[in-house]
Amino acid sequence: MLASNLDKKRFDNICLIDTNAKIGSKIKVSGGAKCNITNELVTSHNYLGDRDFVSKLLEKFSKNDLLAFLNKNGVNPKINPKIVKGTYFCNSSQDVIDMFTKLTTHVKKYLNTTVLDVNFDKHFKIKTDSKLIEAKKVVIASGGLSYPVLGASSIAFDVAKKFGHSISKLEPALVGFTVQKEQFWFKNLSGISMPVFTFIDEKSFEGSLLFAHKGCSGPVILTSSLYWKKGKMAIDFLPKQRIETFFQGNKIISSALPLPKRFIQEFLASVEIEDKSVSSLSIEEKEKLKSLKYYEFAPAGNFGYTKAEVTKGGINTQEINHNSFESLKQKDLYFLGECLDITGELGGFNFQITFSEAMVCARELNK
């Protein structure tokens, strides 16, 4: 949370309030500590929410603008397609944190400080667990409910509601799926990763699936979770291959299919097929094997906020000035980032949109 001090004569008339002992705690753990900061392929279609709003925002501060800003400040991200397609990763998340540390040397920082409430009476009064801070303007960029271990809380939504904002349903997103009894065999494969396609809500995604002791995770599942609304989804375990090709010859199934042996064994057990010669398969058994190309199932749920990368849902963007991010309900109050009802897919999209919002807001405040 940022606040502009009432004493405008001071150079350090801005303060930053952070629950953590150091700034950038969530940046620190992002992208496996390498900070997946933007994506070569970013468009409004990579977001859940008001896409017209996102499209105009990306025009105001684009992926190229962000890369230029980062390079100017000594952070030089590079694309690493082996992890997530098109994603720019930094050499280290610490590079980004160091950049912000240098850029905010003039800002008064209240670390290890939790905001409890924000009130307004001629000016803002920010109640914290240690003191009362008064300010003319307040920018709330405190994130959502994901990663509570890093100090995530509902404060942004609580304040927004207090000033009359509507909040769409909040849910964990970019998170793994738990499974129902029929897919308990997933759990026996914990630790195995494989390339797949997923199909969900008329969308398809390509990437790595990771089996976990609770169900399934990995980059492609995390992105799929953004669009899951209960009900079924499907997985293609043989991407870019025709299963009919493997029905030829006399090899046993586990040798004929180019899949991890443990996976084949668990899958065959789940559909009650013996690992035998392909040539001896019945028509019914071949149909069961064809489900490897479109394995349909309904997740039981997800791993929850403790494992979620982000929170989807949030403050209605129609109640925010798109040219400044000032609240349309309360003058001099601004909302940015994850607390807004805009959520990106996995792969640097959420950092990109947050930078875009912050730059647009900063330009307005600097006027």
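What you see below is based on every heavy atom in this structure, not just the backbone, and it leaves out hydrogens, waters and symmetry mates. Along the sequence shown, the residues carry numbers beginning at 1.
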Inset, instruction - Mind listing the closest non-hydrogen atom pair of L226 and K312 along with its distance? - result: O-NZ, 3.0 Å
Inset, instruction - Rounded to the nearest 0.5 Å, what's the gap from NZ on K307 to OG on S146? Could you check? - result: 13.0 Å
Inset, instruction - Apply the test side-chain hydrogen bond (donor to acceptor under 3.5 Å, both in side chains) to residues S168 and D341: give CA-CA distance (whole Å), side-chain angles for both, the deciding distance (0.1 Å), then the verdict. - result: CA-CA 7 Å; S168 63; D341 189 11; 3.0 Å; yes
Inset, instruction - Indicate yes or no: at least one non-hydrogen side-chain atom of I17 is less than 4.5 angstrom from one of I126. - result: yes
Legend entry - Side-chain touch P77/N71, heavy atoms, less than 4.5 angstrom: yes
Legend entry - Plane angle bin for W185 and Y295 - parallel if under 30°, tilted between 30 and 60°, otherwise perpendicular: perpendicular
Legend entry - Geometric cation-pi criterion, K203 with Y227: 6.0 Å, 45°: yes
Legend entry - Intermediate values then yes/no, side chain to side chain contact (heavy atoms under 4.5 Å, CB included), I200 and K229: CA-CA 9 Å; I200 189 165; K229 303 173 183 174; over 6 Å; no
Legend entry - Cationic tip of K286 above F247 ring, under 6.0 Å, 45° of axis: yes
Legend entry - Check ion pair E287-K290 (N to O, under 4.0 angstrom): yes
Inset, instruction - May I ask you to decide if Y334's main-chain N or O and E326's side chain share a donor-acceptor pair within less than 3.5 Å? - result: no
Inset, instruction - Treating Ile, Leu, Val, Met, Phe, Trp and Tyr as nodes and any side-chain heavy-atom pair under 4.5 angstrom as an edge, say whether F246 and V278 lie in one connected cluster. - result: yes
Legend entry - Side-chain donor or acceptor of T178 paired with backbone N/O of G301 under 3.5 Å: yes
Legend entry - Mutual orientation of the aromatic rings belonging to F69 and F61 [parallel < 30°, tilted 30-60°, perpendicular > 60°]: perpendicular
Legend entry - Shortest non-hydrogen contact between C35 and S93, atoms and distance: N-OG, 3.1 Å
Inset, instruction - Test S254 against K261 for side chain to side chain contact (heavy atoms under 4.5 Å, CB included), laying out the working first. - result: CA-CA 6 Å; S254 58; K261 194 158 187 175; 4.0 Å; yes
Inset, instruction - Answer yes or no for K125 and F120: cation-pi contact, defined as NZ/CZ to six-membered ring centre under 6.0 Å and angle to ring axis within 45°. - result: no
Inset, instruction - Indicate the atoms forming the closest heavy-atom contact of L336 with C339, along with that distance. - result: O-SG, 3.3 Å
Inset, instruction - State, to 0.1 Å, how close G347 and N39 come at their nearest heavy-atom pair, and which atoms those are. - result: O-ND2, 2.9 Å
Legend entry - Expected output: side-chain T311 to main-chain L145 donor-acceptor under 3.5 Å: yes
Legend entry - Closest non-hydrogen atom pair between S142 and I155, with its separation: OG-CG2, 3.5 Å
Legend entry - Connected via hydrophobic side-chain network under 4.5 Å: I37 and L103: yes
Inset, instruction - Check the pair T104 / K109 against side-chain hydrogen bond (donor to acceptor under 3.5 Å, both in side chains), numbers first and verdict last. - result: CA-CA 9 Å; T104 59; K109 297 180 180 70; 3.1 Å; yes
Inset, instruction - Using a cut-off of 6.0 Å, state whether more than 12 heavy atoms not belonging to K251 lie near its atom NZ. - result: no
Legend entry - Distance, nearest 0.5 Å, that separates CZ of F89 from NZ of K78: 14.0 Å
Legend entry - Aromatic plane relationship, F199 with Y294 - under 30° parallel, 30 to 60° tilted, over 60° perpendicular: tilted
Legend entry - Exam field: side chain N350 to backbone G344, donor-acceptor pair closer than 3.5 Å: yes
Inset, instruction - Consider only side-chain heavy atoms of I, L, V, M, F, W and Y, link residues closer than 4.5 Å, and tell whether M233 and F303 are in one cluster. - result: no
Legend entry - K293 NZ: over 12 foreign heavy atoms closer than 6.0 Å: yes
Inset, instruction - Give the cluster check for M99 versus L67: same hydrophobic cluster or not, with ILVMFWY residues linked at side-chain heavy-atom distances below 4.5 Å. - result: yes
Legend entry - Heavy atoms of other groups near K56 NZ, more than 12 under 6.0 Å: no
Legend entry - Cluster link Y147 to I23, ILVMFWY, side chain under 4.5 Å: no
Inset, instruction - Look at atom NZ of K60 and say whether more than 12 heavy atoms of other residues, nucleotides or ligands are closer to it than 6.0 Å. - result: yes
Inset, instruction - Search all heavy atoms of G143 against all heavy atoms of E338 and return the closest pair with its distance. - result: CA-CB, 3.8 Å
Legend entry - Sole candidate of L57, V54, I342 that passes side chain to side chain contact (heavy atoms under 4.5 Å, CB included) when paired with T317: I342
Inset, instruction - Please confirm whether the backbone N or O of L346 pairs with a side-chain atom of T223, one donor and one acceptor, at under 3.5 Å? - result: yes
Inset, instruction - To the nearest 0.5 angstrom, please state how far the CG atom of L257 sits from the CG atom of L292. - result: 6.5 Å
Legend entry - K169 vs E171, side chain to side chain contact (heavy atoms under 4.5 Å, CB included): CA-CA, chis, key distance, verdict: CA-CA 7 Å; K169 185 179 179 182; E171 296 179 275; 3.9 Å; yes
Inset, instruction - With side-chain hydrogen bond (donor to acceptor under 3.5 Å, both in side chains) as the test, would you mind laying out the steps for N302 and S225 before giving the verdict? - result: CA-CA 8 Å; N302 59 55; S225 73; over 6 Å; no
Legend entry - Salt bridge flag under 4.0 Å for residues K85 and E40: no
Legend entry - Exceeds 12 heavy-atom contacts within 6.0 angstrom, atom CD of E284: no
Inset, instruction - Let me see the working for S291 and E296 under side-chain hydrogen bond (donor to acceptor under 3.5 Å, both in side chains), right down to the final yes or no. - result: CA-CA 8 Å; S291 69; E296 200 170 36; over 6 Å; no
Legend entry - T38 side-chain N/O to K63 backbone N/O, donor-acceptor pair under 3.5 Å: no
Inset, instruction - Would you please indicate if the ring centroids of F267 and F186 are separated by under 6.0 Å? - result: no
Legend entry - CD1 on I320 to CG on L340, rounded to 0.5 Å: 5.5 Å
Legend entry - Ring centre gap for F157 and H165 strictly below 6.0 Å: no
Legend entry - T113 side chain to L111 backbone, donor-acceptor under 3.5 Å: yes
Legend entry - Backbone N/O of V115 and side chain of T128: donor-acceptor pair under 3.5 Å: no
Inset, instruction - Look at the side chain of D65 and the backbone N and O of S62, then say whether any donor-acceptor pair between them is shorter than 3.5 Å. - result: yes
Legend entry - Spacing of OG belonging to S44 relative to CG belonging to D50, to within rounding of 0.5 Å: 9.5 Å
Legend entry - Neighbour count >12 (heavy atoms, 6.0 Å) for atom NZ, K276: yes
Inset, instruction - Could you tell me whether K127 and D117 make a salt bridge, using a distance below 4.0 angstrom between a side-chain N and a carboxylate O? - result: no
Legend entry - Inter-residue atom distance L210.CG - M194.CE, 0.5 Å rounding: 11.5 Å
Inset, instruction - Please answer whether the main-chain N or O of A298 pairs with a side-chain N or O of Q180 as donor and acceptor at a distance below 3.5 Å. - result: yes
Inset, instruction - Could you check K108 against I14 for side chain to side chain contact (heavy atoms under 4.5 Å, CB included), going step by step and ending with a plain yes or no? - result: CA-CA 6 Å; K108 170 67 176 176; I14 302 171; over 6 Å; no
Inset, instruction - Please work out which of the three classes, parallel, tilted or perpendicular, describes the rings of W228 and F177, given edges at 30° and 60°. - result: perpendicular
